[in-house]
Amino acid sequence: MSYLQGLRCQRCGHSLAPAPVHICPECLGPLELVYDFAAMKAELRRDAVEAGPPSMWRYRSLLPVGDAPVVDLGTGLTPLLRADNLGRALGLRNVYVKNDAVNPTSSFKDRPVGVAATLARAFGLDTLACASTGNLAASVAAHAARAGMRSVIFIPEDLEAAKITGTAVFGTNLIAVRGNYDAVNRLCAEAVDAYGWAFVNINLRPFYGEGSKTLAYETAEQLGWRAPDHVVAPIAGGSVLTRITAGFEELQRLGWIPETKVRVSGAQATGCNPVARAFAVGAERIQPVRPDTIAKSLAIGDPADGAYALAAIRRSGGACADVSDPEIVEGMRLLAETEGVFTETAGGVTVAVAKKLAHAGVLRPEETVVIYITGNGLKTLEALGAEVGPTATIAPRLEEIDRVLGSAAA
Amino acid sequence: MATVTAVRIRVPAPLRPLTGGQGEVTAEPGTLRDVIAALDAAYPGFKDRVLEPDGRVREFVNVFVNEEDIRFLQGPATELRAGDRVSILPAVAGG
Ligand SMILES: Cc1ncc(COP(=O)(O)O)c(C=O)c1O
Ligand SMILES: [Zn+2]
């Protein structure tokens, strides 16, 4: 039984039956999903969730999948780690890290793709496709393999080696485009009209986004069914931040967690900061930028949901900030050295922005803060370069250990 | 070989009901604003779907000229020459 009623234009309110479309035929505005919320509130119980599988699919009754067999790689229910060492470094007392680097394809993208792939199959589409900054690519290719579907994936040609190999290995049609992500995205926005494919982040975008709400659901459950005071999430297209926000709001409306005003703060790289810039200058429209940053997974100069992310941040009393490439590397190393979690550049952005916002007093010492770590460090080894490597290379002789470690050997 | 004298405009699927189903239409060179006005004369209602009443491009619409976002050019005042390709796209995609 699905509580999904249909699609509705976020701009003009026009309604449509569920279908693989993302654009209002009346005004070209973005479509969102509409649920029978009253029925959900009356019929759904959080103990049923607790008895569910140890994955994001324990929340399937809140997702728009109905009775469809889900494309399941075992995504989700990732660790929420209490991070006291990191908290001490940031001057915060209650910090948690949601480690979504440990998903099946090593990023949070398995959540939205799990939902989009399930719907693509339910709509009878046979080809899964996407425009990707790298993580989405691997996730779409893996889900297509698991579902026995064909896939066609478009990426900018300059991605990190692990993102290319870690996608191609799934036997997909991986197409590298000479251009940045925004060029790839424009090409795919044209391709969606020309081919009958399920572009997870274009024509299936209204469904895709819903999968990321499970980041909020899990966080609340793992905190003992309550929302944190403040979350920090990265922004590329702006979908994950807005869906995390919506996820907490929904649990409150369902009465599953107490009413809390969750402050939401966004993280970008200085080399691709359209939302942070709009936040800083008080603008409502996002001006696109030309990305130039080591955080390639966040290098979207024209974020589709940028205005929605900005509005969610402002409405919640959070902030949006950006950090330089050296600060991103510092953020990656800080998280690794304090908590044993190795994140990619996007996570470096998030940790470094958390540090910046803590110093600015936006993140307050007593708040329960959750930092969303959305990708895995093994995918962006290039960013660390030679800077992180062996402390020494020695001959296999005992005295060599003393020689290279000196007093540290004692 | 025929010389190219027109600007070519790619029409996104949701606007094709206005152009009788055509995915590509042509117009005489001029500013983007002129071209859209000409298309509105040929396909009534076209302009309102692309531009705000004040002449700015609508929030959920992106316009590209030869693959460049017009926000990096001169916006609706961008000059279009014979052979230029314009692509009009809904803004929501990507991630
Ligand atoms: C690791 C990682 N984190 C965060 C994001 C940002 O997600 P969104 O595009 O939903 O803002 C992306 C991808 O775009 C990503 O790959
Ligand atoms: Zn509409």
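Here is the naming used below: chain letters follow the sequence lines, and residue numbers restart at 1 for every chain.
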Cut-off 4.5 Å, heavy atoms of chain B, and the answer for A:E26 is backbone
*Does the pair B:E52/A:R285 count as a salt bridge with the N-to-O cut at 4.0 Å?*
yes
All heavy atoms of B:R49 vs all of A:C27, minimum pair found to be NH2-N, 4.3 Å
The interface call for A:L298 against chain B, heavy-atom contacts under 4.5 Å, is neither
### Message
Check this for me: does any side-chain nitrogen of one of A:R290 and B:E68 sit under 4.0 Å from a carboxylate oxygen of the other?
### Response
yes
The interface call for B:R71 against chain A, heavy-atom contacts under 4.5 Å, is side chain
Looking only at B:A13, B:P12, B:G23, B:P17, most heavy-atom pairs under 4.5 Å shared with chain A are made by B:A13
Under 4.5 Å to a heavy atom of chain A? For B:R10 that would be side chain
Distance col, row A:C12:SG vs B:F60:CZ, nearest 0.5 angstrom, shows 10.5 Å
| message | Taking CG in A:D158 as the centre, count heavy atoms belonging to other residues, nucleotides or ligands within less than 6.0 Å. Is the count above 12? | response | yes
Applying a strict 4.5 Å limit to non-hydrogen atoms, the region of A:A307 in contact with chain B is side chain
Is there a side-chain contact (heavy atoms from CB on, under 4.5 Å) between B:L15 and A:L28 once you walk through the steps?
CA-CA 9 Å; B:L15 293 191; A:L28 304 190; 4.2 Å; yes
Honestly, the part of A:P288 sitting under 4.5 Å from a heavy atom of chain B is both
CG (A:D302) and CG (B:N62) are apart, to the nearest 0.5 Å, by 5.0 Å
Q. Is it the case that A:R186 places NZ or CZ above or below the six-membered ring of B:F64, under 6.0 angstrom from the centre and within 45 degrees of the axis?
A. yes
